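Worth saying up front: this structure is predicted, and the values here are computed from it rather than measured.
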Amino acid sequence: MWSYMRVHVEVVLLQLMVTGASCFVNLVSEQGLKGKAGMGANPKKPDWTAIKAIDGKTFQDHNLNSCAITDVEGNHNTSIWWKVWLQRQFNVAYLEIYFRSDTYTRSAGFSVYTYIPESFHPLRDPKHLVYQQDPKSGCPTSVMNVTVNNVTQGITFINTRPPGYTSSCQYDSMMYTGIEICEVKVMGCGSNRFSPGCNHSCPSKCKHQHCDAFNGSCIHGCSDPNALTIDCIVCPHGKFISNKSCVDCPGHCKSGVHCNKLTGMCDNGCANHWNGTFCKLCSDHYYGTDCSTPCGHCKNNGVCDKGTGSCPNGCQNHWQGWRCDVCSDHYYGTDCNTPCGHCKNNGVCDKGTGSCPNGCQNHWQGERCNVCSDHYYGTDCNTPCGHCKNNGVCDKGTGSCPNGCQNHWQGERCNVCQDRFYNATCSAKCGHCIRRELCEKHDGTCISGCSQNFEPPLCQECVSYKYGPNCGFDCGHCKDGQSCATENGVCTEGCDSGWIGDLCVTAKLNAPEFDKKENQLTTTGVAIIASVSTMLAISLFVIFYMSRHIMKNKTNRHRTDASVPENEKASKTYADLSAMDENHAYSTLGCTVSDTPYNVIRDSHHNI
């Protein structure tokens with residue numbers, strides 16, 4: 001600020017000098033004022049002493065003997081000074097320096113200092129420097145106007161040629177320097193006065209009542225040590241100086257401290273969620289009058305409006321609302337990333353807890369409707385559990401039955417029929433599949449067919465004209481060629497003519513001649529059975545051979561029964577011993593039945 005003021009004053013003074021309107025007092029030659037002058041080398045001639053530079057004459061011709069000049073060529077000085085000590089302290093505004101007109105370029109690089117007390121050594125105390133001409137920028141002019149604007153009693157002009165000295169001034173001496181000054185005007189006022197004409201007193205608020213020589217501001221400090229500017233305004237805590245008045249601190253400083261009273265800024269940083277030069281802007285992702293409210297979930301983690309909190313580019317997934325701070329429908333939780341359960345009628349769950357206020361969809365339960373109902377499992381809880389033991393509950397994720405299965409069920413989920421059972425309840429036993437193969441578990445079908453004498457596809461009933469265990473017995477002579485009852489061989493509609501008994505395998509004893517002949521055959525058959533029994537005891541081979549032979553004869557008879565007259569049908573019945581299951585026909589020989597299929601083993605057409 002001080003350098004700005006000096007530049008400004010230099011411009012004003014230059015204008016005053018040009019117009020001749022300056023009214024400051026020459027403190028070394030006007031109103032009876034006189035100072036003491038000296039210089040750092042002997043004058044080149046006796047009449048060119050230091051005092052000649054303050055005699056009030058501005059002639060720049062050295063031949064007029066009105067200049068202070070040392071012997072530059074003869075003395076080879078690398079550093080030289082000229083100074084004046086005033087009668088008392090003055091508020092010096094500026095200097096007018098008139099150089100020797102023919103050699104002024106050799107004063108390039110000069111400096112001006114002010115000092116108090118008189119023992120001041122300028123080269124050892126450079127803080128009092130008020131001006132230095134830059135030799136690299138060119139030559140000085142023959143008349144220089146130098147702003148001082150300082151309360152001082154001593155003024156020193158110094159010029160040096162240190163090692164490495166450089167200059168862009170064409171006629172400058174690069175090695176040696178000297179004093180070649182014809183006049184120095186020290187323009188200013190008394191130490192407590194200011195303005196051209198010196199008709200204003202410095203304000204009492206200024207330190208030592210010293211002020212700016214041009215405008216009276218307190219450039220040397222204030223009487224009150226708490227004042228921070230040249231206006232000497234003192235602001236309380238929480239305020240700072242703006243436009244020469246105290247205003248509230250604009251921002252929010254860290255830990256609640258006050259702003260800098262001079263700048264209004266927070267020297268120790270900003271409070272949480274505030275930033276900017278004056279800590280009055282919300283940090284990114286916060287908004288509101290106190291910048292303490294976090295932004296919602298803006299799309300791509302964007303920054304919300306710091307005043308309203310709105311998200312200009314929309315919301316992240318599963319968020320909605322102007323500020324993107326509300327869960328989208330069917331999501332809940334602190335991050336709105338948890339899907340709602342299966343609320344009834346696809347209803348919306350509570351966005352804080354996830355509960356379903358109107359209940360659950362079918363097969364779901366729990367407060368959030370996210371657990372399968374008992375006896376259902378799977379990701380959609382739509383798969384019924386299998387047949388767990390004691391109607392137990394299956395695992396709701398895998399469907400497995402931890403305690404095993406009900407009767408006739410198997411598999412991890414107890415949803416597969418046990419081998420040799422079928423239908424929806426696995427309650428039906430498979431029939432007599434060929435080679436004891438397993439039946440289809442959904443309908444009982446024997447894929448490869450039935451064991452001999454069983455009716456496909458279930459292989460549970462005997463084929464026509466077969467009955468008994470494993471359907472191993474032929475039906476008797478049922479009326480009109482009908483088949484007998486498969487479970488016991490009974491002819492439910494009665495017997496053909498000439499046959500009696502439930503099984504219709506016994507010939508009538510009181511029949512006519514034909515019947516007598518048949519009875520004779522029956523008696524003969526009994527004898528043959530006895531013989532066969534003896535043979536069975538002797539050799540299993542013979543039994544097997546005879547059984548095969550009997551089966552062959554029986555088959556031939558069935559093939560020819562349709563063409564044989566009713567009264568000539570064969571009366572014998574054989575068991576198919578080669579096609580029986582493990583429970584063969586012999587297991588029933590000890591049972592009580594009204595007739596036996598072995599009563600007649602030959603007829604009028606076949607003899608054994």
Side-chain angles (χ1 to χ4, degrees), residues 420-423 427-434 436 439 444 446 449-509 511 515 518-519 521-522 525-526 528-529 532-533 536 543 547 550-551 553-555 557-559 561-562 564 566 569-603 606:
R420 306 194 185 283
F421 285 88
Y422 74 95
N423 74 14
S427 59
K429 294 186 65 175
C430 290
H432 297 262
C433 299
I434 193 170
R436 293 188 58 80
C439 67
C446 290
C450 303
S451 294
Q452 191 172 7
N453 299 335
F454 284 94
E455 187 74 29
L458 300 182
C459 305
Q460 293 183 340
E461 296 182 356
C462 297
V463 298
S464 297
Y465 305 107
K466 289 289 184 179
Y467 80 96
N470 294 311
C471 297
F473 301 129
D474 291 330
C475 289
H477 300 270
C478 296
K479 186 176 181 180
D480 298 328
Q482 296 178 1
S483 183
C484 62
T486 58
E487 67 275 9
N488 55 19
V490 173
C491 293
T492 57
E493 299 297 326
C495 303
D496 267 349
S497 177
W499 298 92
I500 62 173
D502 291 337
L503 303 182
C504 299
V505 294
T506 303
K508 290 183 180 179
L509 296 179
D515 294 334
E518 293 296 332
N519 187 46
L521 291 174
T522 301
V526 172
I528 293 174
I529 291 174
V532 171
S533 299
L536 289 173
I543 293 173
S547 297
I550 292 170
M551 180 185 71
N553 290 338
K554 179 188 74 68
T555 303
R557 177 189 169 182
H558 270 286
R559 291 176 179 173
D561 272 348
V564 177
E566 185 69 25
K569 284 186 178 180
S571 61
K572 68 185 181 71
T573 302
Y574 301 103
D576 186 354
L577 300 179
S578 64
M580 292 184 179
D581 291 336
E582 292 178 356
N583 296 323
H584 45 70
Y586 295 123
S587 64
T588 64
L589 294 180
C591 298
T592 302
V593 294
S594 58
D595 293 298
T596 173
Y598 300 107
N599 287 345
V600 178
I601 60 173
R602 71 178 179 85
D603 57 21
H606 299 85

Check for a donor-acceptor pair, side chain of [X] on one end and backbone N or O of [Y] on the other, with a separation under 3.5 Å.
X	Y	result
Y467	S483	no
E455	C450	no
D480	Q482	no
R436	S451	no

Rounding to 0.5 Å, atoms SG (C475) and CG (L503) come to a distance of 9.0 Å

Rounded to the nearest 0.5 Å, the OG1 atom of T486 sits from the CG atom of N453 at a distance of 12.0 Å

The side chain to side chain donor-acceptor pair (under 3.5 Å) partners of N423 (sequence neighbours excluded) come to T425, S427

Those residues at least two apart in sequence (or on a different chain) that pass side chain to side chain contact (heavy atoms under 4.5 Å, CB included) with C439 are Y422, C430, C433, C446

C491 meets the side chain to side chain contact (heavy atoms under 4.5 Å, CB included) criterion, sequence neighbours left out, with C478, C484, C504

Considering non-hydrogen atoms only, spot the tightest contact between [X] and [Y] and give its length.
X	Y	result
C471	K466	O-CD, 3.5 Å
K479	D496	CA-OD1, 3.2 Å
F421	K429	CE2-CG, 3.4 Å

(request) For atom CD of E461, decide whether the heavy atoms of other residues, nucleotides or ligands shown that lie under 6.0 angstrom number more than 12. (result) no

